[in-house]
Amino acid sequence: MNLCLKVWRQKYGKTPGAFREYRAKNVIPDMSFLEMLDVVNEDLAERGEDPIAFDSDCREGICGACSLVINGVPHGGHEGTATCQLHMRHFHDGQTIMIEPWRARAFPPVKDLVVDRSAFDRIIQAGGFVSVSTGGTPDANALPIPKVDQELAMDAAACIGCGACVAACKNASAMLFVSAKIGHLGLLPQGKVEKNRRALNMVEAMDAEGFGSCSVTGSCEAVCPKKINLSFISKMNGDYLLATLGF
Amino acid sequence: MHLDAKIPSGPLEKKWDRHRLEMKLVNPANKRKFDVIVVGSGLAGASAAATLGELGYKVQCFCFQDSPRRAHSIAAQGGINAAKNYQNDGDSIYRLFHDTIKGGDFRGREANTYRLAQLSVNIIDQCVAQGVPFAREYGGLLANRSFGGAQVSRTFYARGQTGQQLLVGAYQALCRQIAAGTVRMYPRTEMLNLVLVEDQAKGIVVRDLISGEITSHAADAVVLATGGYSNVFYLSTNARGCNVTAAYRAYKKGAAFANPCYTQIHPTCIPVSGEHQSKLTLMSESLRNDGRVWVSKKRGDKRQPHQIPEPERDYYLERKYPSFGNLAPRDISSRAAKEVCDEGRGVGPSGLGVYLDFADAIKRLSEDRIRERYGNLFEMYETITGENAYKTPMRIFPALHYTMGGLWVDYNLMSNLPGLFVLGEANFSDHGANRLGASALMQGLADGYFVLPYTIGNYFASTKPLKPAVSRPEFKAAEEETRNLTNRLLSIRGKRTTTSFHRELGKLLWDKCGMARNEAGLEEALKRIPALRQEFWENLTVTGENGEFNQALEYAGRVADYMEFAELLCTDALSRRESCGGHFRTEFQTDEGEARRDDENFSFVSAWEFQGVDKAPVLHKEPLVYEEVKMTQRSYK
Ligand SMILES: Cc1cc2nc3c(=O)[nH]c(=O)nc-3n(C[C@H](O)[C@H](O)[C@H](O)COP(=O)(O)OP(=O)(O)OC[C@H]3O[C@@H](n4cnc5c(N)ncnc54)[C@H](O)[C@@H]3O)c2cc1C
């Protein structure tokens, strides 16, 4: 099939960007979306033109590097699928596809479709960990953990830190990302000890980075490639409230 | 070059304890006077950087991704081994050690492997304390599964995302140290050169991938935890960014490269679907716990799998290796798949595939149980192929996956260059000629959490400190060299893209130095690689400039190194006139088609010393001495 791509091009973070049109020819249904872009980029490179910059690494939907807004939806809108796992069999011949970067104040643009998501790292640095150092830890089986708790913690821990939740939110809120970490650690006995302090510090860091407030529309959950559940946000609000009350 | 493995004396099970006691310590107040550069933030790098930071060293950590959390380790699916014997099925440190040495076809270093097995139990404790949500039983205790090459259940896992969870644990520990100010993190920064001062590794040259700026960083020691080189084959299960640059450039500065020809081909990957393919996707080995591998007994059988009745199916792994069956080690399973495909019994449109069938397991356990165990893998399979593996068998084929070879290190994980330490997949030491499943995660974390933090202290305490300034001529010269290389890549302005060169090189390696190798093929590859390299330097096109975010330039630099490294890989494969583990030379096989080792002539580590591009490297041999285990012909029958 042949497609028309409208791609956001922006040379440097600070220069203005614009959409440009490209033809993607002979696209095969078995290709992934990024492989389709690879082919377009090969064409551009052969003609000596600057290829379209985009982030990707594992191409298995787990590293969280890829980040495209496709036809207005982060990761293209297929349930539980990151852009790198989106296949061209979901598109049809002659279709026009709009491709944009994550847009959020806290994710400044770098080039074309690449943005700076280091704000997420700084939020984790503010408290997204268990304060244990290497060595001197008890036997792994010393403390049984109910399977339901472990499974729920794992649901939250599955977050890949891609930032789609922020890109989907009209307020560019990072609540789903932050609540996933708070949920993951707070559900396990090892992380419970620091639960409230963690919520306080991470929420403060989130606000300081310039992420907006939660819009309660659930658009984040809808685009999350790991299907992280909104209920983690209410849980986080509970932890945060307790922390502000001094518990 | 003198290679001293520095293996401590005494009985195997006492070596590490004794060595720890004998090593010198750096007192806590002095630790902050030592700077350490850690290149890499995968399991090995992140665990090392975090632990060194906790101890009080001043750490600078580098990765090329936009966040340390995205290192390739994140993609590991199946699990991590540890000799906990929680299942009471006869596991022990000795058994894990023995399985690993045997799995490596008796080409690993005994003392390192034993230490790895010992430390495996601490890793699980550490990870659980960090909040890694390993799978559990209803009673709340940890669950296990089996992996290839083992008859016990010792693999810990977190659904199909074990690497992710372990890396997130290490990343969080790293973040804690970044916040504490002991570690400074440099994401999107690529190491392009190693700097030696008075023959010791004392710094690196890096390129800021956003601004293109090339700068130097100095330290008292440099730690490389930069992963493996499977991507030299173009198509592999590795992340796109994985590369050999850091290790190879250290090699060019005098670090010995050991056993480059020990590459692992994983038996269960999704088959190639076309030219456009950018990478191959692994289907975790854990699937072989419940999946049965088969092809039709007939050649060229075009029937659908469900139309082939039971008696006409060949469950070839169960037939050939009855005691390990579908869980035969990776090298053996891969070769068996190649064999049936070579016979014309392969499945799928290309004929390069075999079935991995869950029908019996679903009958035995129910679809829900299978979904609980492997749900995300089945989903991934469906996303990529559009097929539902609960209803029809998966199609799988071997693909490049892991590299056992790497920079040579001694027992302390230090290379032959003083001050240069190498951890994780980037070193060569623990897996011999073939790695068992779920052992790479174990090794990365053992190296980073529990080995390096001790041995680096010993290095600092027993050498005269030398903290060079980046204004020294050695740094300026290394920066100049790096800039020249970058400018050279940009100034060719030829006609062929980096991808097209990389693809051609990869195909050549896969054909001549892949699952089966022989003298004629390797010699041909060794003729063709220099020619391709020459064309690369004459006809490459790289767009853009250096002083900007330029992915084309990053990629070209990595492929430039593959163009040289591929030759080293084939040279090693040619010189090793035996078959062992992942290195299968068709000339050296038993009557039954199994690998035939030659212990008399080849029980050594091949460590190569760089002499110059277009010059043959010099081979140094580290003899492999087995004090404890008896080398036997590996049998999984
Ligand atoms: C799909 C897949 C599944 C796997 N599953 C398992 C499994 O179930 N169990 C198991 O035990 N093993 C598994 N493995 C193997 C295992 O994941 C790897 O061997 C291991 O994670 C490597 O860890 P590492 O820390 O050595 O390197 P990596 O995780 O590869 O990290 C390398 C780091 O170095 C950095 N880096 C590299 N070069 C440079 C440079 N020049 N400058 C700056 N930074 C640089 C990168 O940015 C990265 O941070 C799997 C591998 C694959 C591909």
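Naming convention: chains lettered A, B, ... in sequence-line order (proteins, then strands); numbering from 1 in each chain.
Using a 4.5 Å cut-off between heavy atoms, B:Gln165 contacts chain A through its side chain alone, with no backbone atom that close. Only the backbone of B:Leu280 comes within contact range of chain A, with heavy atoms under 4.5 Å apart. At a 4.5 Å heavy-atom cutoff, A:Ser32 makes no contact with chain B through either its backbone or its side chain. Only the backbone of A:Val115 comes within contact range of chain B, with at least one heavy atom under 4.5 Å from a heavy atom of that chain. Both the backbone and the side chain of A:Ser133 come within less than 4.5 Å of a heavy atom of chain B. When heavy atoms are compared at a cutoff of 4.5 Å, B:Gln130 approaches chain A by way of both its backbone and its side chain. Contact annotation for B:Gln277: both backbone and side-chain heavy atoms come within less than 4.5 Å of a heavy atom of chain A. When heavy atoms are compared at a cutoff of 4.5 Å, B:Tyr449 approaches chain A by way of both its backbone and its side chain. If you measure heavy-atom distances from B:Ser73 to chain A, you find no contacts under 4.5 Å at all.
Here the closest non-hydrogen pair linking B:Ala129 and A:Val132 is O-CG2, 3.9 Å.
Side-chain contact check for A:Lys181 and B:Gln172: at least one donor-acceptor pair (N or O, by modelled atom type) lies under 3.5 Å. With 3.5 Å as the limit, one finds no donor-acceptor pair spanning the side chains of A:Glu46 and B:Thr541.
For A:His184 (side chain) and B:Gly131 (main-chain N/O), a donor-acceptor pair under 3.5 Å exists by modelled atom type. At least one donor-acceptor pair closer than 3.5 Å links the side chain of A:Glu35 to the backbone N or O of B:Ser278.
In the displayed structure, A:Arg89 atom CZ is contacted under 6.0 Å by more than 12 heavy atoms of other residues, nucleotides or ligands. Around the CZ atom of A:Arg9, the shell of radius 6.0 Å holds more than 12 heavy atoms that belong to other residues, nucleotides or ligands.
A cation-pi contact links A:Lys147 to B:Tyr138, judged by a cut-off of 6.0 Å to the six-membered ring centre and 45° from its axis.
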Audit row: B:Asp66, A:Arg117, salt bridge (Lys or Arg N to Asp or Glu O under 4.0 Å) steps and yes/no: CA-CA 7 Å; B:Asp66 67 331; A:Arg117 287 170 285 187; 3.2 Å; yes
